[in-house]
Structure formats: C-alpha cells, structure tokens
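We use all heavy atoms of the structure for the numbers below, so side chains are in, but hydrogens, waters and symmetry mates are not. Protein chains get the first letters and strands the later ones, always in sequence-line order, with residue 1 at the start of each.
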Protein chains: 2
Amino acid sequence: MLPSENELAEEYNISRVTVRKSLSLLEQAGYIYSAPGKGYFIREPVTNKYILSFNEMNNTNGQSIFSKLLEVNVIPPDADLMNELKLPEERYVIVIKRLFFSDNTVVAYDEKYMPYEKGLPLVEREIKCATFPELACKNKSLFSIKKSLKIRSTTSQGNISKLLNIEDNHPLLEIEQKLYTADNKVIGWSKTYYLSEFLELNAYWSFGQNSYEMNDMSE
Amino acid sequence: MLPSENELAEEYNISRVTVRKSLSLLEQAGYIYSAPGKGYFIREPVTNKYILSFNEMNNTNGQSIFSKLLEVNVIPPDADLMNELKLPEERYVIVIKRLFFSDNTVVAYDEKYMPYEKGLPLVEREIKCATFPELACKNKSLFSIKKSLKIRSTTSQGNISKLLNIEDNHPLLEIEQKLYTADNKVIGWSKTYYLSEFLELNAYWSFGQNSYEMNDMSE
DNA sequence: TAGTGGTCTAGACCACAGC
DNA sequence: CTGTGGTCTAGACCACTAG
C-alpha cells in the first residue's frame, strides 16, 4: 500500500536507513504498520483506547489524600477472597481497611487484600502513606508488575453509608484494582469507593499519542 | 547514569547503531530516557496512567448496542451550551438524543451537541449507527481530532429514570465526551448515562505498554 | 576541548512473501 | 526467483554539555 523502502530512498535521494527511521516514526505514531516480506500499510485509527489518569492517593485536581487506618489484620480467606486472589491453597491474607480524607472530610473508603508473605509491611505508618503497588511489592521491582482497574457506578448502602457519613443511595465511584506479577500471579486486590462529587476520572485520546500497539492488528 | 553509547559498543563488540537501536527500544518501553550531550538515565516507573477501553456502541463484553433516535434538531444554544462548545457567537447547534439498547432492553441514554455546519449528517439512518467522531467529522480526517472523556458516578432522577425505565436513585455511569480539532476547537459535546449493571469500564497498566511519553520528564 | 547523543550514508546479509 | 522488510556494520558530521 506504501512504496517500498528502496523506492522511497531512491525517490528522495536519501539512504535506506533514513527511510526506515522515518517510517518507524510513523509506525510508532500509529499511522502505518509493516508486514515483513510484503510492505508498509496504513493503519485505521483506533478510537476505543484512551489514556486514563488515576491515582489512589490524589484526586483529579491533584489534592493529596490522607488516610486513616480502620483495620489491619491477617485472616484466613473465605471462598470469595480465595477466588479473587486465585489462591491455590488456604493461605493467610492481609486485610487493610482505610478511610480517605481530603480537607478533613471523608471522601472514600478502601479495602485491600494481599496474600500474606514474610516481609510485607504491617507497620501503621508504612501502610498509611503507601500506594497499592508499594504495599504489595516490598520485595519485587515496580517494573515487573501489572495492574488492572474496573470502574463502576454504585450507591452507598448500610455500613458504607455510615463509614462515609452519608445517606443511603448516594452515588459512589467504585474502583477495583488488581495487581499481578509478570507471570500473572495475583498479588493484591482492592476496592475503593469514592464519593461521586469528589472523584471524576479523566481520559483522553489523540492520534500519535495512542496505544495502537496493544491491538490485534488484523489486516 | 548509564554507560555511553560508545562504551557499550566497545564492551559488547557491536556497532554504535545497534547500541542506539537497543537503547531506543528501552526508551520506547519507558525504562530510560536520553539527555543530549549528557547521556542516558533510568526513568522512574509512572504508575498513574492506564489504558482505558471504551466504545460508545459496544459494551465491555463486546456486545453491540442498537440505538433509537428520540430527537434530532437544530437549535439556538443556551448559555450553558455556548460555554461547553466554546461558541464565539450564537451559532445554531445540532442536538441528538438517543436511547441505547442491548438485547432489546434499554441500557443507556445519550445526548450529543455539535455546532451546526453545512454537510453534517442529519439523516436518520446515518445518525443511528455512527460513532461520535464519525458524526462530527464528516468533512475532517479522523486522524486529526482529539477526544477527552470525563467519567462520573451519578443516580437517575426524574426524566432520565422514565427514559431508562428505572426507579429514581438507580446508579448510573455518566460519560461526558468532548471532541476537538487539532487546534482545540470544540466540535462535539455529549453525555451518556449507562445503567451501572450494564457498563463496567476496564483499564490496565503494565510496564513497557505504558504511556510514559506524555509526562513532564523532570530529571 | 573532549565527550555525549542525534542524524545520516553506503554498503551487507538474512528470513520471508509471492510468483 | 525477486523484492520485501529486519538486522547489522564502520564510518562521518553536527549540536550540545561540561570542565
């Protein structure tokens, strides 16, 4: 679909290396892709992938969040928890329950679960300020983990209403986080419930800053 | 912080071009960055940017959504709309209101606004199946637009409850979309309200597939 | 001034598509 | 078999940084 590297090099009187450099820039930006042995082809824009900003300990405006520990425990997991953490056997699990504050008002409630391992931090002041990856990765490199989010809308009921000091049926943004090692072992699971008026997530898409790489590239 | 290109080339007995290729791979993956005239430095992991999947006309499971037009109109904008669309003067605005169905049940309500331009589609069957960028970009290239999302949790009230055929106080995922041209002119604004049980957004983060590029790279 | 990364050249060999 | 992209080499010159 595009002229070959050699043709381009000849047409513009530049070396093939330079042509390749230019094409690779276009490829990185998502405009084209190469098929070895065939040639270069243009790529249709991907319109369903966005860059999402999210930081557990910062809201969208960048204000810091302070946390108050409600509970830290080591418990035997129930069936549900064993399933979420994909525990092969019945291993102990660390529970951390926290409230998040911004400007001295409650803005979120947070529950985290991690398979118990020696060396994981259980010291209050460490837990208070650490982000989820830091908590679960005491011995591992931050470079080697993966993380997934699920984002839902829900409403406050019963216990959560009380903890967040709001009426029932108040809208909440529920963010479920899962941490994985490089070999897909679950090392952490958490749910955070944000007051809807406190957290609004932002995402954006624009070409050339896109995540075209992670698409099946059917021709 | 890292050995220079020449040092690496000598150490491994490979050409400098090959060293540069390797380093550029690490740079693309977000592990290092280069400072011209100085050298290469390692980059701290960015943990607050995710890849979000979202498609107005598909839910997270990939099921297609069918839409039913409630209203298509050309109206003079009110103050709020002029502000959102950043209209310099009082230009007419296209309104499209739709209901989304999946498996014959209502799953979302959608409102879209676009500054009126000649050539924009106002034909029912075109509107029904088109995505937002397609609607607003009749004359422009999909390559040249930008798009931002805001994601909130809210609850159904009054009119929206009726349209969605649910009780008041039902949790909804509200997604606000804005479309821009390359020079930041607003060409579309929309709000979609999804039943919370229908839409759950997914995002993920893993190193090397990350969006490190779009960070201020303070040293 | 010496060293760094950024850019470019003119070759070479390979695995792979497609005829 | 020829042409494609993928990989690699051994040079060259430039702009920039830092002592």
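Where B:Pro36 and A:Gly39 meet DNA chain D, the nucleotide closest to each residue was compared, and A:Gly39 sits on the side nearer the 5' end.
Rounded to whole Å, the distance from CZ on A:Phe41 to C1' on C:dA17 is 10 Å. The interatomic distance linking B:Leu8 (CG) with C:dT4 (P) rounds to 10 Å, in whole Å. Rounded to whole Å, the distance from CG on B:Leu23 to P on C:dT4 is 13 Å. Rounded to whole angstrom, the span from the CG atom of B:Leu26 across to the P atom of C:dG5 amounts to 14 Å. Atom CG in B:Leu2 sits roughly 9 Å away from atom P in C:dG5 (whole-Å rounding). The distance between atom CZ of B:Arg16 and atom P of D:dG11, rounded to the nearest whole Å, is 14 Å.
Sorted by first and then second residue, the salt bridge (charged side-chain N to carboxylate O under 4.0 Å, His left out) pairs involving residues 94-105 of chain A (not counting sequence neighbours) are A:Glu56-A:Arg98, A:Glu71-A:Lys97, A:Arg98-A:Asp110.
In this structure, the separation between CZ on A:Phe54 and CD on A:Gln177 is 4.5 Å, given to the nearest 0.5 Å. Between the CG atom in A:Asp183 and the NZ atom in A:Lys146 there is a gap of 8.5 Å [rounded to 0.5 Å].
Nearest nucleotide to the side chain of A:Glu7, out of D:dT4, C:dT4, D:dC8: D:dT4. Considering only the side chain of B:Arg20, C:dG6 comes nearest among D:dG6, C:dT9, C:dG6. Of the candidates D:dA18, C:dT9, C:dG6, C:dG6 carries the atom nearest the B:Tyr40 side chain, counting heavy atoms from C-beta on. Side-chain proximity of A:Lys38 to the nucleotides D:dT4, C:dA17, D:dT9 is greatest for C:dA17. Distance from the side chain of A:Glu5 is smallest for D:dG6 among the nucleotides D:dT4, D:dG6, C:dG6.
Contact annotation: A:Tyr12 does not reach the phosphate of C:dT9 (side-chain N/O to OP1 or OP2, under 4.0 Å). Here B:Asn6 reaches the OP1 or OP2 of C:dT4: one of its side-chain N or O atoms lies under 4.0 Å away. Contact check, A:Lys21 against C:dT7: a side-chain N or O comes under 4.0 Å of OP1 or OP2. Listed pair A:Ser34 / D:dG6 meets the phosphate criterion, a side-chain N or O lying under 4.0 Å from OP1 or OP2. Contact annotation: B:Ser15 does not reach the phosphate of D:dA10 (side-chain N/O to OP1 or OP2, under 4.0 Å).
Within the cation-pi definition used here (under 6.0 Å to the ring centroid, within 45° of the axis), B:Lys112 qualifies as a partner of B:Phe132.
Between A:Glu176 and A:Trp189, the side chains place a donor N or O and an acceptor N or O closer than 3.5 Å (distance only, hydrogens not considered).
With a cut-off of 3.5 Å on both pairing distances, D:dT2 has no Watson-Crick or G-U wobble partner at all.
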